[in-house]
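Contents: one structure, followed by commentary.
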Amino acid sequence: MGELPPRETNTNRLSTMVNELPKRIYILGAGNLGSFAAHSLAGIPQRPPITLLMLNRQLQRWEEHGSCIDLTTHGMTETRRGFEVERMRRTEDVPLPEASSPEIDLESSNETVSEDHFQQPEQIAETNTPTMGTEGPLGEGPSLKESNPVMDSSLPQQAEVGALTRQRSNSEEAIPSEQEREIDSWFAEVETEVHDQQTGKLSMGNAADSEDDEIIYSLIVSVKAPQTVRAIQRVAHRLTQDSTILFLQNGMGIIDEVNEKLFTDEGYRPTYIIGVVSHGLYSNGPFSVVHAGDGTMALGVMPRMPIKESLQPESLSQLATSARYLIRTMTRTPVFVAVGFPPTDLLQQQLDKLAVNCIINPLTAILDCKNGALLSNMYFTRVIRLLLAEISIVIKSLPELKNVPNVNMRFDTLRLERIVFSIAKKTAGNDSSMLQDVRAGRQTEIDYINGYIVRRGEELGIHCVMNYMLMHLIKGKTKTKSLEQADLLPIAGARRGG
């Protein structure tokens with residue numbers, strides 16, 4: 001008898017499907033994390049083709065830098081080349097879904113704003129490091145329950161949401177926001193770029209034009225959270241339900257905004273992968289990154305149909321082919337130390353990191369201090385505990401975590417406090433990314449950090465007054481700083497004589 005043909009297993013079938021997929025990976029965002037991702041992917045055996053999506057000004061800097069990416073690790077710099085580059089379309093030329101996104105300064109997000117997202121290594125792992133402070137259970141201060149009456153079931157939820165909305169709309173309509181001014185500046189620069197290109201003043205080098213409408217199957221997005229919709233909007237016409245987008249960003253609520261404004265039809269949305277990164281990175285110039293602290297990358301797929309199991313071949317069969325390919329490529333890149341997690345596990349890791357960012361980023365930005373200044377100060381500790389009390393109760397009330405075991409223990413205020421002070425101690429000499437943004441008068445990610453807690457709290461009827469106040473203090477300080485830099489405020493000693 002003749003031998004039977006070998007039985008095709010799920011793993012073999014998946015490998016065949018992945019091999020038929022175009023291998024090119026596009027990276028949107030040329031800051032620290034985007035450059036780190038491109039450099040690391042270029043170093044693996046059988047490296048995938050990599051295309052960097054840029055604006056004209058970025059292309060000019062790319063050519064000035066030698067069309068390469070430098071990564072410095074432990075004092076040793078390694079330069080890698082061989083990347084392809086595409087110039088992105090102007091937004092008005094892009095065919096978009098009906099829902100349009102607000103105008104965002106995309107170039108600043110790629111070049112300067114998003115450079116320091118992951119400057120400090122924020123490994124969100126439970127630690128036994130003693131909390132630095134002198135109050136409460138570790139000292140003498142008010143207990144968290146007594147000092148935080150944030151849950152008030154007697155107040156109608158809709159009335160509170162409406163009141164907060166009216167407050168925001170009344171205050172924001174009077175004066176153009178910083179974001180609107182950035183938009184006007186961005187459009188003026190785009191028109192200059194187009195004119196320079198037409199007159200031959202701006203060299204395009206070897207960069208290709210992205211107007212060929214070639215489908216993008218694998219896209220990594222590493223721009224700053226407020227610029228995400230605007231950035232993806234430029235390539236939305238090239239994304240289909242067979243595409244996959246990997247988000248490597250700070251903050252939460254970004255995917256909801258992308259769905260609302262770009263991909264409203266659930267059946268035609270790309271597959272989304274969330275990445276939680278704890279590597280320590282900071283900029284050493286355009287397309288030059290210093291890998292200051294080793295970390296990990298947690299990856300989780302946000303599928304159209306819930307996947308309860310871990311990412312084994314049986315569950316992977318439910319995903320788009322491009323998602324399987326991108327996950328495998330990221331996990332076989334040694335520098336990333338990437339591991340896949342089920343959606344619920346990844347959500348908890350996101351919330352761990354969000355809680356830390358809700359404390360360290362805005363407080364250091366308001367106080368204009370390094371992370372270590374939050375340690376051993378009883379007055380700062382009181383503020384931190386009040387903020388964490390709101391954050392804890394919102395997270396524990398999220399419907400997404402309703403049936404998850406040990407949620408109350410994991411997001412207990414005391415555990416979150418230990419994590420915050422542990423991270424502040426490890427990064428004591430660092431300036432947080434939000435502090436650097438505020439000093440430069442740039443738009444921050446506050447709406448996707450403390451703002452996320454405030455929004456989810458409103459949905460649940462929880463009044464996060466501390467986080468709401470902190471969010472607006474950051475916005476106010478950013479606006480004041482940008483006006484100072486524009487020479488629009490009468491600052492003593494800073495005005496030019498007439």
Side-chain angles (χ1 to χ4, degrees), residues 26-39 50-70 81 83-94 101-117 178-212 216 219-236 238 249 282-289 433 436-437 440-444 482 485-486:
Y26 293 79
I27 298 180
L28 181 55
N32 277 355
L33 194 55
S35 298
F36 172 67
H39 188 280
I50 301 170
T51 296
L52 308 177
L53 299 171
M54 300 183 185
L55 296 174
N56 288 348
R57 294 299 182 188
Q58 295 170 302
L59 290 172
Q60 194 172 30
R61 296 187 182 103
W62 171 255
E63 293 176 359
E64 292 172 354
H65 186 67
S67 302
C68 62
I69 297 177
D70 301 326
R81 305 176 186 273
F83 305 98
E84 295 191 19
V85 179
E86 283 189 12
R87 181 185 68 86
M88 291 189 293
R89 289 185 179 189
R90 290 186 299 166
T91 308
E92 53 266 35
D93 295 335
V94 177
S101 67
E103 306 296 334
I104 299 294
D105 186 348
L106 176 61
E107 182 166 6
S108 67
S109 71
N110 284 334
E111 290 295 332
T112 56
V113 181
S114 64
E115 290 181 338
D116 40 40
H117 286 182
E178 169 63 19
Q179 178 174 319
E180 291 171 340
R181 288 193 298 274
E182 290 179 352
I183 294 162
D184 294 338
S185 174
W186 181 85
F187 271 113
E189 185 169 359
V190 166
E191 293 302 324
T192 302
E193 291 174 357
V194 174
H195 178 267
D196 289 345
Q197 183 182 348
Q198 291 174 346
T199 57
K201 294 180 180 178
L202 183 62
S203 171
M204 292 298 295
N206 298 321
D209 200 313
S210 65
E211 296 188 5
D212 54 8
I216 295 177
L219 175 66
I220 297 177
V221 176
S222 60
V223 298
K224 207 170 180 69
Q227 283 81 40
T228 302
V229 170
R230 182 65 169 177
I232 297 178
Q233 190 176 23
R234 291 172 163 270
V235 294
R238 302 173 61 184
Q249 300 168 303
Y282 66 87
S283 176
N284 197 29
F287 306 103
S288 180
V289 182
S433 59
Q436 296 180 48
D437 288 341
R442 300 189 297 250
Q443 186 182 18
T444 69
S482 63
Q485 294 178 344

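From a predicted model like this one, the values you see are computed outputs, not experimental measurements.
- When side chains are defined from C-beta on, His39 does not count as touching Val289, because their heavy atoms never get closer than 4.5 Å.
- Counting heavy atoms from C-beta on, the side chains of Val235 and Glu86 never come closer than 4.5 Å.
- Summarising the geometry of Val85 relative to Trp62, their closest heavy-atom pair is CG2-NE1, 3.4 Å, with the distance given to 0.1 Å.
- Heavy atoms only, all atoms of each residue included: Val223 and Gly29 are closest at CG1-CA, 3.7 Å.
- Using a 4.5 Å heavy-atom threshold, the side chains of Leu28 and Arg234 count as separate.
- Not counting sequence neighbours, Tyr26 has no partner by the ring pair (Phe, Tyr, Trp, His ring centres under 6.0 Å) test.
- Qualifying side-chain hydrogen bond (donor to acceptor under 3.5 Å, both in side chains) partners for Thr51, counting only residues two or more places apart in sequence or in other chains: Arg24.
- Rounding to the nearest 0.5 Å places CG of Leu53 at 11.0 Å from CD1 of Ile232.
- Side-chain atoms of Ser35 come within 3.5 Å of backbone N or O of Gly31 as a donor-acceptor pair.
- In this structure, the separation between CG on Asn56 and CE on Met88 is 9.5 Å, given to the nearest 0.5 Å.
- For the pair Gln443/Gln227, a side-chain contact is recorded, criterion being any heavy-atom separation below 4.5 Å from C-beta on.
- Put simply, CD on Gln249 and OG1 on Thr228 are 3.5 Å apart, with the number rounded to the nearest 0.5 Å.
- The heavy-atom pair separating Ala38 from Leu52 by the smallest distance is CB-CD2, 4.0 Å.
- Residues Gln58 and Ala30 share a closest heavy-atom pair of NE2-CB, 4.3 Å.
- Here the shortest heavy-atom pairing between Gly441 and Ser482 reads O-CB, 3.9 Å.
- Using a 4.5 Å heavy-atom cutoff, the side chains of Phe83 and Ile27 are not in contact.
- At a threshold of 4.5 Å between non-hydrogen side-chain atoms, the residues Lys224 and Asp437 count as touching.
- In this structure, Glu64 CD and Leu59 CG are separated by 11.0 Å, a value rounded to the nearest 0.5 Å.
- Ring-plane geometry between His65 and Phe287 is classed as tilted, the angle between the planes lying from 30 to 60 degrees on a 0 to 90 degree scale.
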